Amino acid sequence: MSKGKGLEKGLTSYGDTEFSLFLRKAFIKGAGYTDDALDRPIVGIANTGSGYNPCHGNMPQLVEAVRRGVMLAGGIPIEFPTISIHESFAHPTSMFLRNLMSMDTEEMIRAAPMDSVVLIGGCDKTVPAQLMAAASAGVPAIELNTGSMLTGSYRGTRVGACTDCRSYWGMYRAEEIGDAEIADVNNQLVASVGTCAVMGTASTMACIAEALGIMLPGGASAPAVTADRIRIAEQTGTQAVAMIAAGLTPDRILTADAFENALRVLLAIGGSTNGIIHLAAIAGRLGIRIDLARMDAMSANTPVLVDLKPSGQHYMEDLHKAGGLPTVLRELRPLLHLDALTVTGRTLGEELDRAPAPFAQSVVHTLDNPIYAQGGLAVLQGNLAPSGAIIKQSAASAALMVHEGRAVVFEGAQDLAERLDDPDLDVAPDDVLVLKNIGPVGAPGMPEAGYIPIPRKLARQGVKDMVRISDGRMSGTAAGTIVVHVAPESARGGPLALVRTGDRIRLDVPARRLDLQVDAAELAAREASRPAPQPEPGLRGYRRLYHETVLQADEGCDFDFLQNVSMTQRVPRDEA
Ligand code: FES
């Protein structure tokens with residue numbers, strides 16, 4: 001075993017190097033390892049199984065398959081736990097904990113001896129947290145996704161979390177279905193372990209990881225409970241060993257070319273708005289800044305090709321049957337950097353040449369017959385969002401893409417909860433709903449509350465969509481004319497804080513504008529009379545760290561001290 005490999009890596013400091021190794025070996029031999037095993041390359045396996053994370057419910061099978069793959073290739077697998085975050089079991093939000101998981105994962109990769117690492121993630125924030133960690137830790141790393149859940153069936157209609165969760169809940173709020181129906185559909189929405197069934201944030205990040213080249217080709221789409229998923233796990237373990245000899249560290253894979261490929265894919269799959277935040281955070285670890293204005297220019301010539309909910313009609317398992325992401329990448333080929341290196345040691349172009357031959361299918365459209373002519377996401381600028389805002393235009397209502405209306409303002413999540421369904425709420429279908437103080441700092445944790453429900457009195461009248469604006473996020477599974485990630489956020493002095501009920505707001509998606517139609521003098525007067533923000537009393541621990549160091553949405557909501565110390569590149573580059 002060469003110096004600085006395997007067990008010799010990162011020795012605990014006792015002031016005597018040889019004693020440190022002697023002691024380490026003595027302890028691990030307590031678990032029954034032989035010297036033969038311990039002389040082999042070590043592949044760490046980040047096990048994110050948790051009783052609180054059903055999206056990772058197939059973790060035991062995946063770990064077993066990865067271990068098999070590692071040993072088939074002559075390595076020794078050693079698994080280790082990290083925290084695990086599930087969307088619905090994380091208070092206040094999973095986003096609040098993403099950076100903590102990234103720190104946990106990064107420091108475990110650094111602290112424990114491993115020559116490469118398999119990162120098993122799936123639920124929304126877990127893959128971004130692991131890729132942020134991998135980018136910073138610098139050890140050869142390969143992402144393995146847990147895979148999507150199966151779809152269920154409710155009275156003959158196919159359903160899956162979580163676009164259908166929202167549509168059925170909307171019907172329940174509008175009193176179109178009753179208590180018995182909503183309870184029945186609740187049993188069918190999540191038909192197995194695995195991640196959400198649609199192109200939500202989890203599926204988006206799986207596709208992004210594959211597009212970045214840090215996951216095996218074809219690794220994004222296999223459902224959690226399939227033999228394909230287990231085979232991918234075994235192959236991932238095998239590849240993790242090969243990456244050690246090849247010295248395939250994340251900085252060789254996560255390049256500007258790779259991030260541009262990932263942005264293309266994000267736009268072409270109708271991916272989650274959250275994907276931008278996570279890509280910005282991952283890129284930031286490597287000194288690369290995502291330029292939102294240039295990304296919007298890229299969106300203009302990147303059509304949506306994938307017909308999955310919420311932008312389309314299919315589910316993730318259908319994308320897998322259609323050939324998975326390689327089918328999308330093959331179609332996007334003229335727009336991609338084919339020289340980008342992947343975890344296989346081959347380039348993206350070489351992998352596409354090796355991919356199975358195309359066949360007739362209806363889930364992935366062609367470039368000349370897209371689902372939506374432009375990219376799924378659009379970046380808005382204007383006096384209401386000086387640092388930008390995002391709308392998922394492919395899942396918005398065409399009739400509301402240019403809309404001017406009266407603002408109906410809610411000061412925060414609590415205010416929204418108290419007044420939204422008040423029968424006396426002064427609100428009309430063409431009003432613009434504004435929710436403040438749900439940004440990275442404001443809530444805290446930037447909750448997915450940007451999907452403001454239609455006020456019940458309007459829902460009962462059949463209103464299905466309204467323009468909604470906030471500094472929060474929305475689930476990747478949600479649809480509607482919803483503007484999110486308004487930056488700077490209201491709790492950090494953004495102009496959103498100045499909006500009052502009765503103001504006029506104009507949204508013009510084709511022109512990429514979001515403007516508060518209040519003159520500058522009035523806005524200056526409102527700013528001058530705004531009380532200075534008060535420090536939150538009694539903040540301690542992780543929450544204090546979060547509060548003091550979290551960046552805004554356009555910078556990825558990472559902690560400022562976790563980003564690379566020098567941001568030297570911007571993507572997309574002009575020529576992208
Ligand atoms: Fe885990 Fe949707 S809740 S992926």
Side-chain angles (χ1 to χ4, degrees), residues 87-96 162 165-179 182 384 389 405-475 478 480-486 489-505 516 526 529-539 543 547:
E87 265 321 284
S88 298
F89 290 91
H91 177 80
T93 70
S94 61
M95 192 67 177
F96 178 74
C162 227
C165 311
R166 296 172 201 287
S167 59
Y168 276 89
W169 190 251
M171 285 187 254
Y172 179 64
R173 280 178 56 80
E175 298 173 359
E176 294 168 12
I177 60 173
D179 292 344
I182 199 69
L384 201 45
R406 183 189 68 132
V408 174
V409 175
F410 300 92
E411 293 298 326
Q414 186 63 32
D415 185 32
L416 181 81
E418 288 170 2
R419 293 196 295 124
L420 185 72
D421 289 339
D422 184 339
D424 296 327
L425 180 68
D426 178 15
V427 65
D430 59 355
D431 286 340
V432 174
L433 303 179
V434 175
L435 178 55
K436 303 178 183 176
N437 291 308
I438 60 163
V441 173
M446 209 181 176
E448 292 184 341
Y451 178 79
I452 305 166
I454 302 297
R456 196 185 295 271
K457 65 192 273 188
L458 298 181
R460 284 192 187 127
Q461 295 168 21
V463 176
K464 299 290 186 206
D465 194 11
M466 297 172 71
V467 173
R468 289 161 268 180
I469 299 171
S470 75
D471 46 13
R473 295 176 300 119
M474 75 169 185
S475 165
T481 312
I482 300 167
V483 177
V484 288
H485 307 185
V486 169
E489 64 172 305
S490 39
R492 281 282 191 254
L496 192 68
L498 305 178
V499 184
R500 293 178 181 171
T501 292
D503 290 347
R504 307 289 295 177
I505 291 178
L516 177 61
R526 290 184 191 178
S529 65
R530 195 153 59 118
Q534 296 300 313
E536 220 178 305
L539 271 186
R543 186 161 175 154
H547 186 87

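As the structure is a prediction and not an experimental result, all values here were calculated from the model. Residues take their numbers from the sequence shown, with the count starting at 1.
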Legend entry - Steps toward side-chain contact (heavy atoms from CB on, under 4.5 Å) verdict (I454, K464): CA-CA 7 Å; I454 302 297; K464 299 290 186 206; over 6 Å; no

Mind checking whether [X] and [Y] have side chains closer than 4.5 Å, heavy atoms only?
| X | Y | value |
| --- | --- | --- |
| V441 | H547 | yes |
| M95 | E448 | no |
| L516 | P495 | no |
| M466 | P455 | yes |

Inset, instruction - Dump the intermediate steps for side-chain contact (heavy atoms from CB on, under 4.5 Å) on F410 and I438, then the final yes or no. - result: CA-CA 11 Å; F410 300 92; I438 60 163; over 6 Å; no

Just verifying a value: how many Å separate [X] [atom1] and [Y] [atom2], rounded to the nearest 0.5 Å?
| X | Y | atom1 | atom2 | answer |
| --- | --- | --- | --- | --- |
| E418 | E411 | CD | CD | 12.0 Å |
| I482 | R468 | CD1 | CZ | 4.0 Å |
| T93 | H91 | OG1 | NE2 | 9.0 Å |
| I452 | L435 | CD1 | CG | 4.5 Å |
| R456 | D421 | CZ | CG | 4.5 Å |

Legend entry - Set of residues satisfying salt bridge (Lys or Arg N to Asp or Glu O under 4.0 Å) with respect to R406, sequence neighbours excluded: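 So R406 forms a salt bridge (Lys or Arg N to Asp or Glu O under 4.0 Å) with D426, D431.
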
Inset, instruction - Mind checking salt bridge (Lys or Arg N to Asp or Glu O under 4.0 Å) for D430 and listing every partner two or more places apart, or none if nothing turns up? - result: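 Listed in chain order: nothing, the list is empty.
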
Inset, instruction - For the pair T501 (side chain) and V409 (backbone), establish whether a donor and an acceptor sit closer than 3.5 Å, ignoring hydrogens and angles. - result: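 Yes.
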
Legend entry - Check: S490 main-chain N/O paired with D471 side-chain donor or acceptor under 3.5 Å: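 Such a contact is found between D471 side chain and S490 backbone.
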
Legend entry - salt_bridge(R473, E87) N-O dist < 4.0 Å: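 Salt bridge: no.
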
Legend entry - salt_bridge(D415, K436) N-O dist < 4.0 Å: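 Looking at K436 together with D415, the answer is no, because their closest N to O distance does not fall below 4.0 Å.
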
Taking all non-hydrogen atoms of both residues, which atom of [X] and which atom of [Y] are closest, and how far apart?
| X | Y | answer |
| --- | --- | --- |
| R500 | S529 | NH2-OG, 4.4 Å |
| R530 | G493 | NH2-CA, 3.4 Å |
| V483 | V486 | CG1-CG2, 4.2 Å |

Legend entry - V434 vs V432, side-chain contact (heavy atoms from CB on, under 4.5 Å): CA-CA, chis, key distance, verdict: CA-CA 6 Å; V434 175; V432 174; 4.3 Å; yes

Inset, instruction - Could you check L433 against I469 for side-chain contact (heavy atoms from CB on, under 4.5 Å), going step by step and ending with a plain yes or no? - result: CA-CA 6 Å; L433 303 179; I469 299 171; over 6 Å; no

Legend entry - Y168: ring pair (Phe, Tyr, Trp, His ring centres under 6.0 Å) partners, not counting sequence neighbours: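 Scan of Y168 (ring pair (Phe, Tyr, Trp, His ring centres under 6.0 Å), adjacent residues dropped) gives Y154.
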
